[in-house]
Q: 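One structure coming up, written as structure tokens, with questions to follow.
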Amino acid sequence: MSSDACGPLVDDSPCSGTEAFALRVIGQSMAPEFTDGEILIIEPGGAVRDGAYVLALHRDEWIFRQLLKRGDGWCLHALNPAWPDLDLPDLAAVRGVVIQAAVPGRRKLTRHYV
């Protein structure tokens with residue numbers, strides 16, 4: 001995928017539809033499960049459930065986190081404890097579910113999340 005294949009993820013971008021697309025992990029907020037540079041496959045119509053890894057739009061920023069049910073609401077949870085949980089009142093911010101992760105060049109390290 002070229003760096004501009006999806007451009008910014010906005011409502012009229014090619015990645016805002018219903019087809020799965022790929023994104024690269026940047027940073028260490030989801031370590032140790034996901035590391036910097038891994039490729040994620042996101043399914044916009046994926047089953048959103050407690051514990052799923054999701055792509056969400058939070059405060060005008062795209063963020064990759066684990067979705068957790070908390071009482072009457074939800075939160076976006078970073079696996080690395082150095083990052084705080086982000087509260088969500090509902091699931092409207094969730095735009096896709098991670099269905100696969102892969103380390104470039106290491107096919108045997110591919111993991112599936114469905």
Side-chain angles (χ1 to χ4, degrees):
M1 179 173 103
S2 70
S3 61
D4 62 352
C6 285
L9 289 174
V10 294
D11 288 338
D12 61 351
S13 80
C15 294
S16 64
T18 58
E19 292 187 32
F21 58 93
L23 293 176
R24 183 178 299 267
V25 174
I26 299 172
Q28 297 297 323
S29 65
M30 293 299 285
E33 180 70 18
F34 301 93
T35 58
D36 190 64
E38 282 190 86
I39 304 298
L40 304 178
I41 305 299
I42 310 290
E43 184 176 3
V48 177
R49 59 175 174 71
D50 184 33
Y53 297 107
V54 299
L55 178 68
L57 186 59
H58 185 265
R59 296 185 179 158
D60 296 324
E61 182 179 340
W62 289 100
I63 190 164
F64 161 54
R65 294 285 191 269
Q66 185 178 32
L67 182 69
L68 297 178
K69 181 74 171 149
R70 294 272 169 92
D72 291 335
W74 298 85
C75 81
L76 296 172
H77 173 69
L79 301 180
N80 184 330
W83 276 262
D85 287 348
L86 305 170
D87 292 328
L88 292 177
D90 56 40
L91 298 175
V94 176
R95 303 297 174 89
V97 176
V98 174
I99 59 171
Q100 183 177 329
V103 176
R106 307 281 309 269
R107 182 175 287 181
K108 291 184 179 184
L109 297 180
T110 298
R111 300 174 314 280
H112 298 273
Y113 294 93
V114 177

Q: Please name all residues satisfying side chain to side chain contact (heavy atoms under 4.5 Å, CB included) with N80, sequence neighbours left out, ordered by chain then number.
A: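 Side chain to side chain contact (heavy atoms under 4.5 Å, CB included) list for N80, sorted by chain: Q28, A82, W83.
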Q: Minimum heavy-atom separation for E38 to P104, with atom names?
A: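 Taking E38 first and P104 second, the nearest heavy atoms are CA-CD, 4.3 Å.
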Q: For the NE2 atom of H58 and the CG atom of L86, what is their distance to the nearest 0.5 Å?
A: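 Going from NE2 on H58 over to CG on L86, the span is 4.5 Å.
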Q: At their closest point, which heavy atom of A56 faces which heavy atom of L76, and how far apart are they?
A: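 Heavy-atom minimum between the residues: CB-CD1, 3.9 Å.
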Q: Looking at every non-hydrogen atom in both residues, tell me the closest pair between A47 and V97 and how far apart they are.
A: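 Answer, listing the atom of A47 first, then V97: O-CG2, 3.7 Å.
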Q: What distance separates M30 CE from L40 CG, expressed to the nearest 0.5 Å?
A: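 One gets 9.0 Å once the value is rounded to the nearest 0.5 Å.
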Q: Applying side chain to side chain contact (heavy atoms under 4.5 Å, CB included), name anything that partners D50, two or more places apart in sequence or on another chain.
A: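 D50 satisfies side chain to side chain contact (heavy atoms under 4.5 Å, CB included) with L68, K69, W74 only.
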Q: Within the structure provided, determine whether I42 and I99 are in side-chain contact (heavy-atom separation under 4.5 Å).
A: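 Counting from C-beta outward, I42 and I99 never come under 4.5 Å.
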Q: So, taking the atom named CZ in R111 and the one named CD in E33, what distance separates them when rounded to the nearest 0.5 Å?
A: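 CD of E33 is found 5.0 Å from CZ of R111.
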Q: Taking only residues two or more places apart in sequence, or in another chain, which ones meet F34 in a ring-ring contact (aromatic ring centres under 6.0 Å, His included)?
A: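 F34 satisfies ring-ring contact (aromatic ring centres under 6.0 Å, His included) with Y53, F64, Y113 only.
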Q: Nearest 0.5 Å, what's the CZ-CG distance between R65 and L55?
A: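 One finds 11.0 Å between CZ of R65 and CG of L55.
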Q: Write down the atom of A93, the atom of L88, and the distance for their closest heavy-atom approach.
A: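 Answer, listing the atom of A93 first, then L88: CB-CD2, 4.0 Å.
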Q: Applying side chain to side chain contact (heavy atoms under 4.5 Å, CB included), can you list everything that pairs with T110, at least two apart in sequence or on another chain?
A: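 Listed in chain order: Q100, A102, H112.
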Q: For D85, which residues count as a side-chain hydrogen bond (donor to acceptor under 3.5 Å, both in side chains) partner, sequence neighbours excluded?
A: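 D85: side-chain hydrogen bond (donor to acceptor under 3.5 Å, both in side chains) contacts with R70, H77.
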Q: Might you point out which heavy atoms bring V25 and D36 nearest each other, and give the distance in Å?
A: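 V25 and D36 have their closest heavy atoms at O-OD1, 3.6 Å.
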Q: Return the minimal non-hydrogen interatomic distance between A78 and S29, and the atom names on each side.
A: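 So the two residues come closest at CB-O, 3.4 Å.
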Q: With the 4.5 Å side-chain cut-off for hydrophobic clustering, are V94 and L57 part of the same group?
A: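 No, V94 does not connect to L57 through the hydrophobic network.
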Q: Among residues at least two apart in sequence or on other chains, which ones pass side chain to side chain contact (heavy atoms under 4.5 Å, CB included) with R49?
A: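 Applying side chain to side chain contact (heavy atoms under 4.5 Å, CB included) to R49 gives A52.
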